[in-house]
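Throughout, numbering of the chain's residues begins at 1 and tracks the sequence. Atoms within each ligand, like the ligands themselves, are counted from 1 in listed order.
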Amino acid sequence: MTLVIGLTGSIASGKSTVAKMFREMEIPVIDADQISKDVVEPGQAAYEEIVHHFGETILQEDGRIDRKKLGQIIFADEEQRNQLNSIVHPRVRQEMINRREYYKQKQYAAVVLDIPLLYESNLTDYVEKTLVVYVDENTQLERLMERDQSGEEDAKDRIQSQMPLNKKAGLADAVINNNGSIEESYRQLKDILHDWNIV
Ligand SMILES: CC(C)(COP(=O)(O)OP(=O)(O)OC[C@H]1O[C@@H](n2cnc3c(N)ncnc32)[C@H](O)[C@@H]1O)[C@@H](O)C(=O)NCCC(=O)NCCS
Ligand SMILES: Nc1ncnc2c1ncn2[C@@H]1O[C@H](COP(=O)(O)OP(=O)(O)OP(=O)(O)O)[C@@H](O)[C@H]1O
């Protein structure tokens, strides 16, 4: 039996950092952010729909979507965000299911679905256990601005476009507190996986 784990958190809370730990333990990770990037490449159906809805001003010179520009539109406007979600999410979901089934068939001990919007999009039925990577608000804002070299306003828009992280933590089967060092988070992850009989 493959245990299907839903890994989530809020923006810049440390999901990718924890996802890397899973990969290093040879537990496969299906990355919703990466799939959402692949399905909007030129030539894909979602690309045409996005250009149709948002106009050619969101394109770079090479014809690909300018993610920074599109982000500035959708993180500041809920209706536009819902529009983009309705184009991108169905494709991401289908691809995630396909990959999850592949790993189940291969009888891996566990597979991780790394889904930033696991709770917002009501996808908890896709997984058996939920794991939230938590940080406090100040650390989140600092890490986000540092990583993306973004201003405070843009960073706050992004944080506020998601369910508050403490609410997600309250819904989770397990929580990693990522305010400390990466080693501390790794130890918490090992304990959780031990409780779930995976390692
Ligand atoms: C708006 C886009 C172009 C910005 O791209 P960018 O490269 O700057 O960011 P990236 O895709 O790496 O996302 C970074 C983080 O932003 C957050 N985020 C992304 N999209 C959304 C959204 N629609 N609602 C809330 N938060 C979101 C997530 O925490 C994600 O991990 C891109 O995020 C996008 O296409 N979003 C819609 C698809 C989506 O919902 N992806 C997230 C989960 S599938
Ligand atoms: N424990 C930690 N100590 C110091 N820095 C950290 C720690 N965990 C993560 N970081 C850094 O914080 C930033 C955000 O982490 P990460 O990219 O893993 O978050 P994320 O939740 O995957 O973000 P997103 O939702 O944008 O994909 C990165 O620059 C990462 O290197």
Side-chain angles (χ1 to χ4, degrees), residues 6-24 29-41 44 46-47 49-51 53-54 58-60 64-97 99 112-123 126 131-136 138-151 154-165 168-169 175-189:
L7 173 66
T8 194
S10 181
I11 185 158
S13 73
K15 294 178 300 295
S16 306
T17 304
V18 172
K20 189 163 167 255
M21 297 174 190
F22 275 110
R23 289 195 178 101
E24 283 166 2
V29 178
I30 300 169
D31 180 344
D33 273 346
Q34 185 54 51
I35 298 173
S36 79
K37 290 183 175 124
D38 296 341
V39 302
V40 302
E41 283 291 328
Q44 303 289 326
Y47 172 88
E49 283 185 44
I50 291 170
V51 178
H53 179 79
F54 291 93
I58 54 120
L59 296 181
Q60 301 173 163
R64 297 169 78 200
I65 288 168
D66 183 332
R67 305 182 65 84
K68 204 172 161 65
K69 240 185 217 170
L70 185 55
Q72 276 162 353
I73 299 170
I74 69 115
F75 291 116
D77 182 336
E78 189 177 358
E79 198 169 320
Q80 297 286 21
R81 187 159 67 244
N82 289 338
Q83 284 286 345
L84 181 66
N85 290 349
S86 70
I87 298 169
V88 177
H89 287 180
R91 276 126 181 156
V92 175
R93 281 182 200 152
Q94 189 53 54
E95 184 59 28
M96 280 194 303
I97 290 172
R99 293 189 195 184
V112 176
L113 271 60
D114 175 353
I115 313 180
L117 304 178
L118 180 76
Y119 292 112
E120 291 87 340
S121 301
N122 292 316
L123 298 181
Y126 283 29
L131 173 58
V132 163
V133 186
Y134 177 84
V135 281
D136 62 37
N138 290 339
T139 310
Q140 182 182 20
L141 189 62
E142 270 169 30
R143 287 183 186 164
L144 178 55
M145 289 169 63
E146 164 78 25
R147 188 197 59 188
D148 290 0
Q149 292 297 300
S150 57
D154 269 3
K156 283 186 167 165
D157 275 351
R158 286 189 173 226
I159 291 172
Q160 279 156 15
S161 70
Q162 299 188 0
M163 184 189 287
L165 191 46
K168 293 187 185 183
V175 178
I176 292 178
N177 182 325
N178 190 35
N179 285 312
S181 68
I182 291 182
E183 291 70 38
E184 282 166 324
S185 293
Y186 180 69
R187 277 197 289 276
Q188 295 174 59
L189 176 63

Nearest non-hydrogen atom to [atom] belongs to which of [options]?
{"atom": "atom 4 (C) of ligand 1", "options": "Gln160, Arg67, Arg93", "result": "Arg67"}
{"atom": "atom 37 (C) of ligand 1", "options": "Leu84, Ile50, Leu70, Ile65", "result": "Leu84"}
{"atom": "atom 42 (C) of ligand 1", "options": "Asp33, Val40, Val39", "result": "Asp33"}
{"atom": "atom 26 (N) of ligand 1", "options": "Gln162, Met96, Gln83, Arg158", "result": "Gln162"}

* Asked: With a 4.0 Å cut-off on heavy atoms, is Pro116 touching ligand 2?
  ->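 In this structure, Pro116 fails to qualify as a contact of ligand 2 - no heavy atom is under 4.0 Å.
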* **Heavy-atom nearest neighbour in the protein, as seen from atom 27 (C) of ligand 1, with distance rounded to 0.1 Å** =>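 The closest one turns out to be Phe75 CE2, 3.5 Å.
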* Who's the nearest protein heavy-atom neighbour of atom 40 (O) of ligand 1, and how far? ->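 Closest protein heavy atom to atom 40 (O) of ligand 1: His89 NE2, 2.6 Å.
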* Would one find an N or O of Ser185, backbone or side chain, under 3.5 Å from an N or O of ligand 2? ->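 Not met; the criterion fails.
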* Can you find an N or O of Gly180 that's nearer than 3.5 Å to an N or O of ligand 2? ->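 Between Gly180 and ligand 2, an N or O pair is found under 3.5 Å apart.
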* To do: Select one of side chain, backbone, both or neither to describe which atoms of Val133 lie under 4.0 Å from any atom of ligand 2, heavy atoms only.
  =>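 Val133 to ligand 2: no contact under 4.0 Å from either part.
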* Where does Ala19 meet ligand 2, judged by heavy-atom distances below 4.0 Å: at the side chain, the backbone, both, or neither? ->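 It is neither; nothing of Ala19 touches ligand 2.
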* May I ask whether Lys68 has any heavy atom positioned less than 4.0 angstrom from an atom of ligand 1? =>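 No, Lys68 has no heavy atom closer than 4.0 Å to ligand 1.
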* To do: Tell me, please: is Glu120 in heavy-atom contact with ligand 1, that is, under 4.0 Å?
  =>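 Judged by the 4.0 Å heavy-atom criterion, Glu120 does not count as contacting ligand 1.
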Can you list the ligand 2 atoms lying under 4.0 Å from a non-hydrogen atom of [X]?
{"X": "Ile182", "value": "1 (N), 2 (C), 7 (C)"}
{"X": "Lys15", "value": "18 (O), 19 (O), 20 (P), 21 (O), 22 (O), 23 (O), 24 (P), 25 (O)"}
{"X": "Ser181", "value": "1 (N)"}

* **Atom CZ of Arg64: over 12 foreign heavy atoms under 6.0 Å** =>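 For Arg64, atom CZ is not crowded (no more than 12 foreign heavy atoms under 6.0 Å).
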* To do: Check whether any N or O atom of Lys15, backbone or side chain, sits under 3.5 Å from an N or O atom of ligand 1, and answer yes or no.
  =>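 By distance alone, the answer is no.
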* Asked: Considering distance alone, does some N or O of Ser10 sit under 3.5 Å from an N or O of ligand 1?
  ->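 Among all N and O atoms of Ser10, none is under 3.5 Å from an N or O of ligand 1.
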* Are Glu49 and Arg91 close enough, and set up right, to give a salt bridge (charged side-chain N to carboxylate O under 4.0 Å, His left out), and what steps lead you there? -> CA-CA 12 Å; Glu49 283 185 44; Arg91 276 126 181 156; 3.1 Å; yes
* To do: Record the part of Ile35 in heavy-atom contact with ligand 1 below 4.0 Å; permitted values are side chain, backbone, both and neither.
  =>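 Looking at Ile35 and ligand 1, no heavy atom falls under 4.0 Å.
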